[in-house]
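Structure record follows, encoded as structure tokens.
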Amino acid sequence: MTPLEIQHIRTDFPILTEKIYNKPLIYFDNAATTQKPKAVLDRIVYGYEHLNGNIHRGVHFLSQKATEAHEEARKFVASYINAASSDEIIFTRGTTEAINLVAFSYGEYACSEGDEIVISVMEHHSNIVPWQMLCERKGMKLRIIPINEKGELNPDVFRSLINTRTKLVAITHVSNVLGTINPVKEIIKAAHAGHVPILIDGAQAIPHIKVDMQDLDADFYVFSGHKVYAPTGIGVLYGKREWLEKIPPYQGGGEMIQTVTFEKTTYNELPFKFEAGTPDYIGSTALAEALKYMEKIGIERIAAYEKELTEYATKRLMEITGMRIIGTSDRKSAVISFLVGDIHPYDIGMLLDKLGIAVRTGHHCAQPLIDSLGIPGTVRASFSFYNTKEEVDTFIEALKRVVGMLG
Amino acid sequence: MTINEIQDQIIADFSQFDDWMDKYALLIDLGNSLEPLDEKFKIPQNIIEGCQSRVWLNASMADGKVIYEGESDAVLVKGIVSLLIQVLSGHTPEEIVDTELYFIDSIGLKEHLSPTRSNGLLAMVKQMKMYALVYKIKGE
């Protein structure tokens with residue numbers, strides 16, 4: 001992508017012209033949430049101005065149109081990740097809800113006392129706590145895959161953790177702290193070799209990597225809209241049909257039923273069985289719009305540019321004395337976690353903020369990982385295709401100033 | 001000096017700077033010059049756990065006055081801890097309980113006390129007042 005093209009892309013994102021404390025915003029917190037292009041914002045407004053009627057049960061025009069838009073969005077998401085069918089796409093509030101859904105429904109279906117769930121040390125709390133809750137409910141055990149000094153999972157240790165009691169593997173595709181892109185295809189194969197289904201947390205992968213459900217063969221794949229240029233409150237659970245048909249519903253309510261009597265309720269077919277209540281049908285269409293926007297730019301080009309930007313930022317960060325980058329895998333996403341000397345991440349983050357630069361500090365909702373590294377947290381800069389090398393330069397100068405003040 | 005006189009003095013010290021970075025430089029100085037908390041007080045019941053940084057607070061009574069000591073792992077937080085100790089330590093429980101801490105707002109550091117920052121400072125202020133309240137009740 002040329003600098004001119006990036007400049008053009010930046011004009012699609014209204015928030016990027018904001019001033020923070022009178023300084024131009026430099027937004028390097030994209031792993032927490034991404035900014036929204038005009039096309040997505042317009043789609044939300046258009047939905048409420050022209051297509052708003054509660055879906056799936058109305059006979060009137062607006063209800064029909066809103067239903068069509070919601071179902072079109074589902075089809076688009078299905079084709080974007082190459083699912084076998086749009087019935088395998090369940091709209092959720094986000095990654096967290098999607099994981100909780102699987103932890104509850106699959107847990108009810110398949111798990112009992114003494115069984116085990118395998119996760120890794122680099123998981124986000126949202127891919128730890130739901131499994132812990134399941135383990136507590138059923139008297140099960142969590143098994144943890146460790147990482148090496150570069151921040152990579154060891155597939156051999158992983159294989160050794162799989163046994164006849166293993167009921168599910170739940171692993172992140174990309175670490176939100178280390179940036180490591182896990183070899184999920186290999187891990188999925190290994191899980192399947194042990195006849196264990198696997199859930200992949202794709203929250204940090206979808207914005208940066210092309211994911212293909214047929215190629216990956218994951219049983220469940222989950223992600224959030226807001227990390228991929230769509231609004232908050234919408235996310236996706238992809239599940240293989242065979243699983244979604246077997247496991248019980250997560251929540252009860254309207255929409256997910258076939259017939260209700262006080263004696264017995266029969267459930268609706270897929271995907272509606274898992275979408276109790278009025279879904280976010282405006283959010284779903286905005287999510288499809290965001291994915292279309294990315295497709296228009298081209299995910300391979302996005303990935304290549306973000307890689308270039310991340311490598312450039314890494315190189316420049318290394319100019320700073322005492323710089324320690326946390327997560328040095330050769331296969332990394334657009335995330336750089338770092339520490340400088342013994343300066344606390346909070347101090348760096350607060351001062352960078354005053355200079356108009358948004359980074360994240362702390363444990364990034366991955367406390368077990370941070371504890372295992374024996375550090376108080378990290379400063380994390382995470383990039384998007386709308387960020388520029390000039391912004392990286394400004395960030396480096398600001399960081400040098402801040403480190404000078406604190407050091 | 002009364003608690004409010006100290007607060008006013010701090011406001012005056014900070015008001016000489018227009019630039020944010022200068023105010024922060026002062027805060028960093030304060031943080032760096034805060035007497036480290038004796039290791040024997042760095043015990044679990046003295047920790048105020050924030051999401052971003054942690055704060056230790058110890059309180060004791062001497063000659064009818066509350067003595068606060070504290071520390072944090074982040075220097076900016078330590079700077080504010082230093083200010084809070086400067087303002088509240090060495091006063092009677094009654095004075096502390098009745099105090100309104102207006103200096104933080106005035107010097108523009110209120111955001112550090114926002115619950116969303118989750119750096120443990122808001123809980124520390126509450127804890128300081130709580131200690132004073134307990135000493136006050138004990139003394140009555």
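So you know, we letter chains A, B, ... as the sequences are listed, proteins then strands, and number each from 1.
- Nearest heavy-atom pair, K65(B) versus G90(B), reported as atom, atom and distance to 0.1 Å: CD-O, 3.1 Å.
- Checked by atom type, the side-chain pair N100(A)/E97(A) shows no donor-acceptor distance below 3.5 Å.
- Look at R10(A) and E391(A) and you find a salt bridge, because one of the NZ, NE, NH1 or NH2 atoms lies within 4.0 Å of a carboxylate O, short of that distance.
- Neither the backbone nor the side chain of I348(A) comes within less than 4.5 Å of any heavy atom in chain B.
- Between chain B and the options L406(A), L351(A), L355(A), the largest number of non-hydrogen pairs under 4.5 Å is found for L351(A).
- A donor and an acceptor atom, one from each side chain of T34(A) and H226(A), are nowhere located under 3.5 Å apart.
- Residue L339(A) comes nearest to P345(A) through the heavy atom pair CD2-CG, 3.8 Å, listed as atom of the first residue, atom of the second, then distance.
- For the pair K354(A) and Y21(A), the distance from NZ or CZ to the six-membered ring centre is under 6.0 Å and the angle to the ring normal is within 45 degrees.
- At a heavy-atom cut-off of under 4.5 Å, chain A is reached by I28(B) from residues 28-43 of chain B, listed in order of number.
- Annotation: cation-pi geometry not satisfied between K23(B) and F17(B) (NZ/CZ under 6.0 angstrom from ring centroid, within 45° of ring axis).
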